[in-house]
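Nothing here was measured: the structure is a model prediction, and the numbers come from that model.
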Amino acid sequence: MNAAPNPSAGPTAALGDAIAAALADLHPGVPAAALERPPRPEFGDYSTNAAMLAAPLIGEPPRDVAAKLIGGIEQRLGDAVERIDVAGPGFLNLHMSEGWFRDAAALVAGRGREFGSGVAERPSKVLVEFVSANPTGPLTVASGRHLAYGDSLARILGFAGHDVRREYYLNDAGSQIDLFGASIAARIAGDEVPEGGYEGDYVAGIGQRIVAEHGAGLEPAELGRLGVELMLEGIRATLDRSRVHFDTWASEQSLHDAGATENAIADLRDRGLVYEHEGAVWLRTSEFGDDKDRVLIRADGAPTYFAADIAYHRDKLERGFDLLINVLGADHHGYVDRMRAAIVAFGAPGESFEVSIMQMVNLVEGGERARMSKRRGDFARLDDLLEDIGVDATRFFMLMRSHETPIDIDLELARTHSSDNPVYYAQYAHARICSLFRTAAERGAETGDDPVPAESLEPAERALIARLLEMPDQISRAANKREPHGISTYVREVAADFHAFYRDCRVVGAGPGLEQARLAVCAATRDVIATLLDLLGVEAPEEM
RNA sequence: GCCCCGGUAGCUCAGUUGGAUAGAGCGCCGGCCUUCUAAGCCGGAUGUCGCAGGUUCGAGUCCUGCCCGGGGCGCCA
């Protein structure tokens, strides 16, 4: 039952192992106990509910079981632990020794930017598809949230040890492209765009550029193709500014050209899952958890968007991914069941397909919903937001909340370069540490093997180290739950603990032994913050 | 009608897979720079965790039913 020790888990792993072993001695088959950080300092550095889990199986009161566990845990941990108390309903509270904290800090510092990486229990090959905005307009702030989430999730999964690829699916075929071409044609002619067409001012600009380069008189279909090229140029530039780089761009048109849609439908037909009804061709998605069957080919002979997407996802599966993650807007949630049904129809496990549903993002200024652009038919562009508040603030604010919650971005707050702006809080901690190392270098760091003075571990220092030790758990949690916002919460906690440490603990010139020990704590903190910010796609400046 | 998401401090939101006296930021009040960055720190006030039941040693967290807000239920994409 003991998992192989994972070097990535850090110093706390040994605590969990000791508890599990002591528990196994007492009674077999007790479920894995939690190792938590208790809510209050008096409760020690770590606590476990092991005794409360074992009590019903053993048939004794939790506090009695807890008392029996103490010896076994103490014996295994030696002088790492100073004292173990039984508390409350049966918690075991572990008070770690000063030496244990010093060793832990040195270990974390030694791992540098690697600390917390490789925590995935079962590394797998993952494809994250996100943004995938139609190339018929510039990216919006909604895409900005998708991109921040998708890219950060990819970074986190990669750091955790998975083999991750980012992909953008390009809807470069179909009725929307036709409509886009018709809209451009109308603007060139000085007419209103057709019903339901693209009304944004940028369409006229696209038309002008095409006329300037290729002359007038192009067919709408050609205008659509050239328009997509130009829009794509802009989209790539915006992604670049946002620090997002896709490994692959999948093209719907290419799938059509390769006959992928027909092949996918033929495959499903071979599996006996396709039938004809009222002139259309249907897929039995209802056999795999969907509400009802879905149309693959319309009565007029044209394949549906769903059919093309099935072909696309079949292609993803054939490329050997264990896990497909799609990042979609809330308006697409009704689409999830049918797509998963198709995945299962191809013989892949349902769990191999996941969708992260993104809630909306509003821009707020002065307590009111902000308009980034007042032009008719236009919308809040990501470029305008990047211009306004910068990449760091954009990405950080997008990831401060769970993706399942709508967010309001306060532009006034995001713009200010003051302490009120949460994006600078963690960056400032990082810059402060870098500055501290510069000072240490100027003054000449203390050298030698002086021992660390006893009773030199201040409460703030102890709290900071304990916070750093959460790193592996925080990474695996963010990765497993697909929640980059957990990283954003955690990095602010690390920064807050560092600022308190900085207040209470002199580093440079602290004295023989102590200065080096505290520089190790600072180095560990600096690296952890830099890693976390990088996972969010935010820079870690060395000075501010 | 059915499905998804949310409802936690004045505001915006966290809440580590069911744990101890529910937290943070903003806003409000008051303190702290002759030593490593004050973009910082410290102290102070505020809660029927939407409502009602249930599960158990224990529920903001899990189950059921309601209420409110947002989104979705096409041979559109």
Quiz item: Separation of A/Met400 atom CE from B/U12 atom C1', in whole Å?
Solution: 8 Å
Quiz item: Expressed in angstrom and rounded to an integer, what is the separation of A/Leu411 atom CG from B/U12 atom P?
Solution: 16 Å
Quiz item: Counting any heavy atom closer than 4.0 Å, what does A/Glu493 reach on the DNA or RNA strands: base, sugar-phosphate only, or nothing?
Solution: nothing
Quiz item: Just how far, in rounded Å, is P of B/C36 from NE2 of A/His499?
Solution: 16 Å
Exercise. Scan A/Thr489 against the nucleic acid and name what it touches under 4.0 Å (heavy atoms): base, sugar-phosphate only, or nothing.
Key: sugar-phosphate
Exercise. Please determine, for B/C41, whether a Watson-Crick or G-U wobble partner exists with both distances under 3.5 Å, and give it or none.
Key: B/G31
Exercise. Rounded off to whole Å, could you give me the CZ-to-C1' distance for the A/Phe396 and B/A39 pair?
Key: 13 Å
Quiz item: Given that A/Leu35 and A/Ala87 both sit by RNA chain B, which one's nearest nucleotide is further toward the 5' end?
Solution: A/Leu35
Quiz item: Partner of B/C51 by Watson-Crick or G-U wobble geometry, both contacts under 3.5 Å, or none?
Solution: B/G65
Exercise. Measure the distance from CD on A/Glu36 to C1' on B/A22 and round it to the nearest whole Å.
Key: 14 Å
Self-check item: Residues, nucleotides or ligands: over 12 heavy atoms within 6.0 Å of A/Glu493 CD
Solution: yes
Quiz item: Atom CG of A/Asn362 and atom P of B/C11: how far apart are they, to the nearest Å?
Solution: 17 Å
Practice problem: With heavy atoms under 4.0 Å as the rule, sort A/Ser47 into base, sugar-phosphate or nothing. | Solution: base
Exercise. Establish, from distance only, whether the side-chain atoms of A/Glu252 and A/Asn171 form a donor-acceptor pair under 3.5 Å.
Key: yes
Quiz item: C1' atom, B/A14 versus B/C26: distance in rounded Å?
Solution: 14 Å
Quiz item: Who does B/C2 pair with, Watson-Crick or G-U, both distances under 3.5 Å?
Solution: B/G72
Quiz item: Separation of A/Asp410 atom CG from B/C13 atom C1', in whole Å?
Solution: 13 Å
Quiz item: Which whole-number value in Å describes the distance from A/Arg401 CZ to B/U8 P?
Solution: 13 Å
Quiz prompt | Residues A/Glu60 and A/Lys68 bridged, charged N to O under 4.0 Å | solution = yes
Practice problem: Give A/Tyr490 one of three labels, base, sugar-phosphate or nothing, depending on what nucleic acid heavy atoms sit under 4.0 Å from its own. | Solution: nothing
Exercise. Give one of base, sugar-phosphate or nothing for A/Asn93, where a contact means two heavy atoms less than 4.0 Å apart.
Key: base
Self-check item: Pair A/Arg415 + A/Glu412: basic N to acidic O under 4.0 Å
Solution: no
Practice problem: Mind checking A/Arg506 for me? I need base, sugar-phosphate or nothing, with any heavy atom below 4.0 Å counting as a touch. | Solution: base
Quiz prompt | Pi stacking test for A/Phe91 and B/G19: under 5.5 Å apart, planes under 30° | solution = no
Quiz item: Base, sugar-phosphate, or nothing: which does A/His332 touch, judged by heavy atoms less than 4.0 Å apart?
Solution: base
